[in-house]
Amino acid sequence: MAAMLIGRAFKSARNSHSLVRARSFCTTSAALQPDSDGQPSESSSSSSSSSSFTFDKENEKPIFVKAPNARRNNDSDSVTMPTSFMTGSIVGKRFYKKVTTREAEDGNGWTVMLDYRTLKTPSKRPLKLRSLALAKAIAAEWEYQLTEGIRPFTMPLMRLACTALERVPLTRSKIIELLLRKLHKDLVFFRAPADNDLTCDVHEVQVERIDPLLEWVESEFGVKPKVYSSIFGGKQDDKLVKAVEDLLKKTNDGELASIDALEASAHSVVIALGIFCGKLQIDDAIKLIRLEEDLQVDKWGLVEGGHDIDIADLKVQISAATVFLALSRENLSSLSFASNNN
């Protein structure tokens with residue numbers, strides 16, 4: 001289902017005149033020169049991974065993906081890309097033919113190969129993934145790229161993998177702290193006034209669709225959440241905040257990266273945790289996120305090139321984070337938090 005949603009969302013976004021949230025970027029790629037004896041430098045990998053696909057954020061210049069006849073002239077086959085590669089639109093032409101996966105050299109995890117190149121993170125570390133399934137999913141994103149251009153916005157799993165490997169280990173405490181602050185302004189805690197003719201219908205739908213999720217929060221964490229009508233949020237019980245904090249601290253890096261991405265798209269820590277704990281499916285989450293806006297669309301109509309692209313983008317982000325969450329777990333057969341002790 002997640003793969004189908006991602007495919008449909010890509011198709012919808014590609015057919016639109018403009019792409020929402022595309023970010024400006026520039027990229028740099030340069031071939032490393034070999035040593036004087038004609039052999040690759042020590043930074044090149046040995047055996048089948050003698051060259052590596054890496055990222056560099058220092059020099060923001062036009063892209064030169066591969067020097068002409070690089071192999072014929074015995075130039076190094078390394079390719080350097082900036083950190084900004086992970087966001088934005090087209091990054092230059094596809095320079096590889098075959099995408100494969102293989103077990104990491106130390107036997108701990110899996111890597112993705114672009115021809116003879118080992119895919120690396122922005123800090124030039126091997127992109128080592130927890131499971132073969134996740135490696136194949138990221139390989140599929142690279143295989144999906146067209147000859148005329150590499151489109152980073154169609155590779156959300158690649159972006160999440162780099163986030164989990166590099167950003168989360170260094171900023172874990174700050175990510176958790178930020179999520180806890182956002183909990184007080186959570187989307188699902190807002191309740192439209194029931195005594196207002198303009199919002200009473202919204203209030204009724206919120207009670208019908210959101211209250212079951214709030215009941216789950218109470219049973220899961222042992223604290224009844226507060227609801228409020230102020231758009232600036234309120235303050236939840238300290239016991240609820242502590243219970244959520246304890247859960248977040250038990251996650252592995254991939255899981256926390258997924259929760260953070262889900263919250264950023266949903267504007268709701270509760271919805272992110274609902275997906276994390278298996279309470280919500282992708283479609284259920286999207287309906288809750290868009291509840292108020294869909295009511296407005298039903299009343300006033302859909303704006304083409306606006307609402308439809310927003311929906312497509314939301315489906316991509318929620319689906320990708322949910323798939324990445326499932327593939328980042330040690331036990332891929334289970335989606336419940338109880339099965340993970342990391």
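Since the model is a prediction, treat every value here as computed from it, not as a measurement. Numbering starts at 1 and runs along the sequence shown.
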Leu180/Glu177 under side-chain contact (heavy atoms from CB on, under 4.5 Å): CA gap, chis, key distance, verdict: CA-CA 5 Å; Leu180 294 177; Glu177 180 184 353; 5.8 Å; no

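- Residues Ala135 and Trp110 come closest through the heavy atom pair CB-CB, 3.8 Å.
- Residues Leu314 and Val270 share a hydrophobic cluster, clusters being chains of Ile/Leu/Val/Met/Phe/Trp/Tyr side chains in contact below 4.5 Å.
- For the atom pair Met155 CE and Cys162 SG, the distance stands at 9.5 Å (nearest 0.5 Å).
- Between Ile275 and Ile318 the shortest side-chain heavy-atom distance falls below 4.5 Å.
- Ser268 places none of its side-chain heavy atoms less than 4.5 Å from the side chain of Ile289.
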Let me see the working for Lys242 and Asp238 under salt bridge (charged side-chain N to carboxylate O under 4.0 Å, His left out), right down to the final yes or no. CA-CA 6 Å; Lys242 184 64 170 63; Asp238 290 339; over 6 Å; no

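- The two residues Phe221 and Ala243 have their closest heavy-atom pair at CD2-CB, 3.7 Å.
- Atom CD of Glu304 is surrounded by 12 or fewer heavy atoms from other residues, nucleotides or ligands within 6.0 Å.
- Ion pairing between a basic and an acidic side chain is recognised when a charged N comes within 4.0 Å of a carboxylate O; Lys226 and Asp237 show no such pairing.
- Of the possible donor and acceptor atoms, none in the side chain of Arg191 sits under 3.5 Å from a partner among the backbone N and O of Val227.
- In this structure, the side chains of Val112 and Val99 come closer than 4.5 Å at one or more pairs of heavy atoms.
- The shortest heavy-atom contact between Ser328 and Leu134 is OG-CD2, 4.3 Å.
- Annotation for Lys182: atom NZ counts as buried by contact number, over 12 foreign heavy atoms lying within 6.0 Å.
- One finds the CG atom of Leu157 at 9.0 Å from the OG atom of Ser258 (value rounded to the nearest 0.5 Å).
- For the pair Glu293 and Arg290, the salt-bridge criterion is met [side-chain N within less than 4.0 Å of a carboxylate O].
- In this structure, the side chains of Trp142 and Tyr96 come closer than 4.5 Å at one or more pairs of heavy atoms.
- Judged purely by distance below 3.5 Å, without hydrogens or angles, the side chains of Thr154 and Gln145 pair a donor atom with an acceptor atom.
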Steps toward side chain to side chain donor-acceptor pair (under 3.5 Å) verdict (Thr121, Glu166): CA-CA 8 Å; Thr121 66; Glu166 301 205 316; 2.5 Å; yes

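- Inter-residue side-chain proximity for Leu273 and Leu248 is flagged as met; some heavy-atom pair is nearer than 4.5 Å.
- Asp260 and Arg167 are joined by a salt bridge, as a carboxylate oxygen and a charged side-chain nitrogen come within less than 4.0 angstrom of each other.
- A donor-acceptor pair is defined here as one N or O able to donate and one able to accept, closer than 3.5 Å; such a pair exists between the side chain of Asp308 and the backbone of Gly305.
- In the hydrophobic cluster analysis, where Ile, Leu, Val, Met, Phe, Trp and Tyr join through side-chain heavy atoms closer than 4.5 angstrom, Ile271 is grouped together with Val205.
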Take Lys287 and Asp294 through the side-chain contact (heavy atoms from CB on, under 4.5 Å) test and state the conclusion after the steps. CA-CA 8 Å; Lys287 289 177 181 178; Asp294 282 344; 5.8 Å; no

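- Using modelled atom types, no side-chain atom of His203 and backbone atom of Thr199 make a donor-acceptor pair closer than 3.5 Å.
- Side chain of Ser219 to backbone of Trp216: a donor-acceptor contact under 3.5 angstrom is found.
- Looking only at side-chain heavy atoms (C-beta outward), Ile176 and Leu256 come within less than 4.5 Å of each other.
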Show your reasoning for whether side-chain contact (heavy atoms from CB on, under 4.5 Å) applies to Asn252 and Glu255. CA-CA 5 Å; Asn252 63 43; Glu255 291 170 337; 3.2 Å; yes

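- Residue Ser230 comes nearest to Phe190 through the heavy atom pair O-CD1, 3.7 Å, listed as atom of the first residue, atom of the second, then distance.
- Distance alone, capped at 3.5 Å, places no donor-acceptor pair between the Ser265 side chain and the Leu262 backbone.
- A donor-acceptor contact shorter than 3.5 Å links the side chain of Gln206 to the backbone of Ala192.
- The closest donor-acceptor contact from the side chain of Arg102 to the backbone of Thr100 lies at 3.5 Å or more, if one exists at all.
- For the atom pair CG (Leu146) and NZ (Lys93), the distance works out to 13.0 Å, reported to the nearest 0.5 Å.
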Passes side-chain contact (heavy atoms from CB on, under 4.5 Å), Thr251 versus Ile259? Steps please. CA-CA 9 Å; Thr251 59; Ile259 293 173; 4.1 Å; yes

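- Side chain of Asp186 to backbone of Val188: a donor-acceptor contact under 3.5 angstrom is found.
- Tracing side-chain contacts under 4.5 Å through hydrophobic residues (I, L, V, M, F, W, Y), one reaches Leu325 starting from Ile282; they form part of the same cluster.
- Using a distance-only test at 3.5 Å, with no hydrogens or angles considered, a donor-acceptor pair links the side chain of Arg94 to the main chain of Lys97.
- Within the model, atoms NZ of Lys136 and OG1 of Thr101 stand 3.5 Å from one another, a figure rounded to the nearest 0.5 Å.
- For the pair Arg329 and Phe276, the cation-pi criterion (under 6.0 Å, within 45° of the ring axis) is fulfilled.
- Note on Leu214: it clusters hydrophobically with Leu288, by side-chain heavy-atom contacts below 4.5 Å among ILVMFWY residues.
- Here the closest heavy-atom approach between residue Leu198 and residue Asn196 is recorded as N-OD1, 2.8 Å.
- Using a 4.5 Å heavy-atom threshold, the side chains of Pro156 and Glu141 count as touching.
- Residue Lys185 holds its NZ atom at 10.0 Å from OH of Tyr228, rounded to the nearest 0.5 Å.
- No salt bridge links Glu204 with Arg209; every basic N to acidic carboxylate O contact stays at or beyond 4.0 Å.
- Inter-residue side-chain proximity for Leu119 and Met158 is flagged as met; some heavy-atom pair is nearer than 4.5 Å.
- The pair Lys128-Asp106 meets the salt-bridge criterion, with a side-chain N (NZ, NE, NH1 or NH2) lying under 4.0 Å from an Asp/Glu carboxylate O.
- Residues Gln236 and Leu183 approach most closely at CG-O, 4.3 Å, considering heavy atoms.
- For Asp253 (side chain) and Leu165 (main-chain N/O), no donor-acceptor pair under 3.5 Å exists by modelled atom type.
- Between atom CG of residue Leu114 and atom NZ of residue Lys98 there is a gap of 12.5 Å, rounded to the nearest 0.5 Å.
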